[in-house]
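Got a structure for you, questions after.
Everything quoted here is computed from the prediction, not taken from an experiment. Numbers restart at 1 for each chain; the letters A, B, ... are given by sequence-line order, proteins then strands. The figures here come from the full heavy-atom set of this structure, side chains too, leaving out hydrogens, waters and symmetry mates.
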Number of protein chains: 2
Amino acid sequence: MALEHAILVSLSERSGSGYELARRFERSIGLFWNATHQQIYRVLKRMEEAGWVAVDLVEQSGRPDKKMYTVSTAGHAELVRWLAEPDPAATTQELAVKIRGASFGDPAAVAAELTRHRDSHAERLDVYRQIEKRDFPDPAALHGRSLHQYLVLRGGIRVEEGQVEWFTEVRQALRRDADHHTKGTP
Amino acid sequence: MALEHAILVSLSERSGSGYELARRFERSIGLFWNATHQQIYRVLKRMEEAGWVAVDLVEQSGRPDKKMYTVSTAGHAELVRWLAEPDPAATTQELAVKIRGASFGDPAAVAAELTRHRDSHAERLDVYRQIEKRDFPDPAALHGRSLHQYLVLRGGIRVEEGQVEWFTEVRQALRRDADHHTKGTP
DNA sequence: CAGGTCATGTAAGTCGTTACATGATTCA
DNA sequence: TGAATCATGTAACGACTTACATGACCTG
């Protein structure tokens, strides 16, 4: 349910129409998010009613009219609020949106949220590793059904390892960048 | 939309009620799949109507009656069919279900599907790495918005790397296991 | 005796996908 | 001329979540 916020981030980077947003979601933002144009049109309408975006109707010769969307003051405030809000149920996708949008709010708050999520993923990883030790002490001897169960567990371990490493990398980079700024180096 | 097949795998491992299935999805299968009990009840009803599962009403003293579900011949056939069917749009979760259920069908077909997905993830990884080289040749110098964009790209690269490695590991393990069987060692 | 577990279900709402519709322009 | 791109939208359906309802048993 953070499509609204993904759109706020994208529109903060550059204003655009619903159609343009749909194209962006196919490309750069689509690395971690996908949304159809119908979905985007409906959410944009909702966001307009909520006052998060302003619409500017652009008439074009030949091509159909365009609705250019721009983030309003209220929309920016909502983005800042959401970026700083802790969400223990956030998916990796949502966290990626927060990272991408960090400069439109408080990067330190985003870094703090990442620390919390890194810790909870590290806990999960620990649980998985304990299951691995307890239930599969001799992986080389496995075959058939228990081998397949083990391989899925290995996948879970790999995913959690990756998350923990990535969150750590991002946290460090965000802090290094913040230090840079306080030291006066742009 | 492969909840049906995840349930078929789980019921193939052991018959059970909707309630029990919901608990399993919270635990072992929940490593890579989550489903609420309401969802499971509705899907089970659909599966019963399709003839994929048979129901046995078990009366219990004290506790409410149980509906024990068992995979039918038609359900097993459907699972075998699905396991062997190539699906270029399959998510990692769905592939994990196929791995976990491989022994109920043809493990070689599952291994072939994994090869295809490993290749497509390797291609994606290549694209991401090219973007990295082209747009972020000097990561250490990045700051602010472009740093944040780079960090998200790094996340995408990590995810794809992890997938490629995992699929490779699983493929090799499945093949080693198949060789074992053909050589007569159980 | 309050709270958790076993066990199933209805109802309402949100979210997302798929199909369809329009209509001009550009390119092969 | 047929397909693709630009640009928006309606309608219907399917998937999934959240809240509510029931009722007995067991544990602290």
note: A:Ile40, atom CD1; C:dC15, atom C1'; distance rounded to Å ~ 14 Å
By nearest-nucleotide position on DNA chain C, the 5'-leaning member of B:Met68 and A:Thr36 is B:Met68
From OH of B:Tyr19 across to C1' of C:dG9 the rounded distance in Å is 14 Å
Atom CD of B:Gln93 and atom P of D:dC16 are separated, to the nearest Å, by 10 Å
A:Lys45 NZ to D:dA11 P, in whole Å, measures 10 Å
OP1 or OP2 of D:dG9 sitting under 4.0 Å from any side-chain N/O of A:Tyr41? no
Less than 4.5 Å apart, side chain to side chain, heavy atoms only: is that true for B:Glu160 and B:Tyr128? yes
B:Glu94 atom CD is separated from D:dA15 atom C1', nearest whole Å, by 13 Å
Rounded to the nearest 0.5 angstrom, the CD-CD1 distance for B:Gln149 and B:Ile131 is 11.5 Å
- Query: Do any N or O atoms from the side chain of B:Ser72 and from the backbone of B:Trp52 form a donor-acceptor pair under 3.5 angstrom?
  - Reply: yes
In whole angstroms, the gap separating C1' of D:dC16 from CD of A:Gln39 amounts to 14 Å
B:His37 NE2 to D:dT17 P, in whole Å, measures 11 Å
From CD of A:Gln38 across to C1' of C:dC15 the rounded distance in Å is 14 Å
Next on the checklist: Please tell me whether A:Phe167 and A:His121 form a close aromatic pair, meaning their ring centres lie under 6.0 Å apart.
Outcome noted: yes
Judged by nearest nucleotide, the residue sitting upstream toward the 5' end of DNA chain C, B:Lys66 or A:Arg42, is B:Lys66
| query | Under 4.0 Å between a side-chain N/O of A:Ser17 and OP1 or OP2 of D:dT8, yes or no? | reply | yes
Checking D:dA15, D:dT8, C:dG9 against the side chain of B:Arg46 (C-beta onward), the nearest is D:dA15
